[in-house]
Chemist: 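Input: one structure, supplied below.
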Amino acid sequence: MPILIAIPFESFIQILTMLATITLAISGVSQAARNEMDFFGALVLASVCALGGGSLRDLLIGATPVFWTTDLQYLGTILLTVIITVFSLRFITVGKGIRLRILDIADAIGLALFAVLGAQKTLEYGLTAPVAVVMGVITGVAGGMIRDILSQTIPMVLRGEIYASAAIVGLTLYMVLRSVVDEYSAMLLAMVCIILIRLVTLFCHIQLPKLKLPEKHD
Amino acid sequence: MPILIAIPFESFIQILTMLATITLAISGVSQAARNEMDFFGALVLASVCALGGGSLRDLLIGATPVFWTTDLQYLGTILLTVIITVFSLRFITVGKGIRLRILDIADAIGLALFAVLGAQKTLEYGLTAPVAVVMGVITGVAGGMIRDILSQTIPMVLRGEIYASAAIVGLTLYMVLRSVVDEYSAMLLAMVCIILIRLVTLFCHIQLPKLKLPEKHD
Amino acid sequence: MPILIAIPFESFIQILTMLATITLAISGVSQAARNEMDFFGALVLASVCALGGGSLRDLLIGATPVFWTTDLQYLGTILLTVIITVFSLRFITVGKGIRLRILDIADAIGLALFAVLGAQKTLEYGLTAPVAVVMGVITGVAGGMIRDILSQTIPMVLRGEIYASAAIVGLTLYMVLRSVVDEYSAMLLAMVCIILIRLVTLFCHIQLPKLKLPEKHD
């Protein structure tokens, strides 16, 4: 991938992070609208979605102060995204089905990007591959989990959909790939893998089997 | 304000923090009583309300171990406040309306004090003004949010009341004021501003408009 | 206790921690099965139960990166425990009453071990006895609290059962004992004390009195 290698690695990471921040901020605003919150509620939910996972990862690996406190681009991007999204909600009327589909795609992209970026940062901090997989999952799903808790719904990650599992598979692939190909390709392939697993299982209604308790009342 | 300037800045901060700790501990006990918890449940909720926001701020800006681990006054104050409040609940019978009003005022004072104190500490750690505003909001509202989550209610901050928004306006004022007047006055004026916005909008039932999804079923 | 003193202190701590990790991971899987989650949901809940309390303690006392990021035994133990438990759920059919009783005992052991281990680590970090008691309670109960929040139930610790209170009593005993007997005995006695209080009050349905609001409608 000669085009990619022409981009400095920091810019590559930066661009992906901003993209993930935007998609997750949009998903936060959309949840806020569904719960009939006001503009500031939307701003809070969007920030939680976009910054929650990465903040938790930074706290756990000891990378404090957390990432968004030293780079104002994150807060600025979220504020701008919320303003634009709230504005569009008022003027762009799309069918409910289409909107939900757009949201699912945005959410899958956010999950994939943050999971891989979270794992990559953890490796950079000198921690091992299994810990990086766990931190990647946390970075990808924690924001959405906190959003769901705040708006009183059982977190999606726990409702039997292939969500955290998509991240676990993709991140394991990433750990294997990075010893084979260059870092750029490993990250991009892992992200594509997570997005595909998430969307294919979502649109084809594929779920993992539920745990069962063999009840025998006594 | 010659009287204020006679007080050393540390004592000024200390007094305000203790006041905020007491008001938020009371709000925690009151929530515990509403949910029919026992004494220890009340102690847990009071501690979460009074220490949650500041702890989260300290974690995010990297000020660990968090503030209350190195100064036993906080735990002592909370324990004493809980004992006195639980005792008074048994003997002082006031009308429900009056009690709720007292609580709302206590809550508004706690929000205002912690928001400004949180922003001030963040600036002291060398972070920028926008980050200080966000940290101030977190310090002011996170304790109450965790309390609401633990007792299974949608956090007040997300229910369309002017709560986080009052803090955002007051903290922005604080950032402007501190380049104009002395630190004492800037902090006090910002606190008064937050309390006023919160109580006026609460008692006059002023709310921000809710976000609307223009539904078009397809 | 001559046998115990023959074991190096680190191994003693290690063994107890692994035991507590296993019991709390089992309690997480069991909650996941009750909520009809899939294998990965169970893995997430088990990890949250087993690592949540200790992670929060490490964050608050500034011991980052948190304990399980630098020692893969924790993640390995949890993964193995989840696999074995999920497998047994399918094949071992015990009555519901017996299973709940086994779970309550596992949960009490997890609470006792983590509470005392959490307090001990806090003292090692040079913090005072009251802070160590609070951190012990947090280490013992936070994992279960997060588990309950994620699966949308009011946390047990707040529902009037003698749970956090058992930990507070046992930890206070630990602080007294460690100036009288050796560290091994102080820790073990405190753990036994917490387990006994928890189980006796649970099986005899002993609860603390609930706080009451003397309602006088106005």
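Convention: sequence-line order gives letters A, B, ...; per-chain numbering from 1. These numbers come from a predicted model, not from an experiment.
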Chemist: Any idea which of L72(C), V29(C), L43(C) has the most non-hydrogen atom pairs under 4.5 angstrom with chain A?
Modeler: L72(C)
Chemist: Determine which pairs satisfy salt bridge (Lys or Arg N to Asp or Glu O under 4.0 Å) with at least one residue from residues 111-136 of chain A, sequence neighbours left out, and list them in order.
Modeler: D58(A)-K121(A)
Chemist: Please output the residues of residues 61-70 of chain C in contact with chain A, using a heavy-atom cutoff of under 4.5 Å, in numerical order.
Modeler: T64(C), P65(C), V66(C), W68(C), T69(C), T70(C)
Chemist: Return the CZ to CG distance between F39(C) and L208(A), rounded to the nearest 0.5 Å.
Modeler: 10.0 Å
Chemist: Look up atom CG in L150(C) and atom CE in M145(A), then write down how far apart they are to the nearest 0.5 Å.
Modeler: 4.5 Å
Chemist: For L127(A), which atoms come within 4.5 Å of any heavy atom of chain C: side chain, backbone, both, or neither?
Modeler: side chain
Chemist: Per the side-chain hydrogen bond (donor to acceptor under 3.5 Å, both in side chains) rule, what does the pair list look like for residues 125-141 of chain C, sequence neighbours excluded?
Modeler: none
Chemist: Quick check: do L60(A) and S55(C) have side-chain heavy atoms less than 4.5 Å from each other?
Modeler: yes
Chemist: Give, as side chain, backbone, both or neither, the part of I138(A) having an atom under 4.5 angstrom from any heavy atom of chain C.
Modeler: side chain
Chemist: What residue pairs, at least two apart or across chains, pass salt bridge (Lys or Arg N to Asp or Glu O under 4.0 Å) with a residue in residues 62-84 of chain C?
Modeler: none
Chemist: Are any of the side-chain heavy atoms of M37(C) and L211(A) separated by less than 4.5 Å?
Modeler: no
Chemist: Is it the side chain or the backbone of V134(A) that comes within 4.5 Å of chain C heavy atoms, both, or neither?
Modeler: side chain
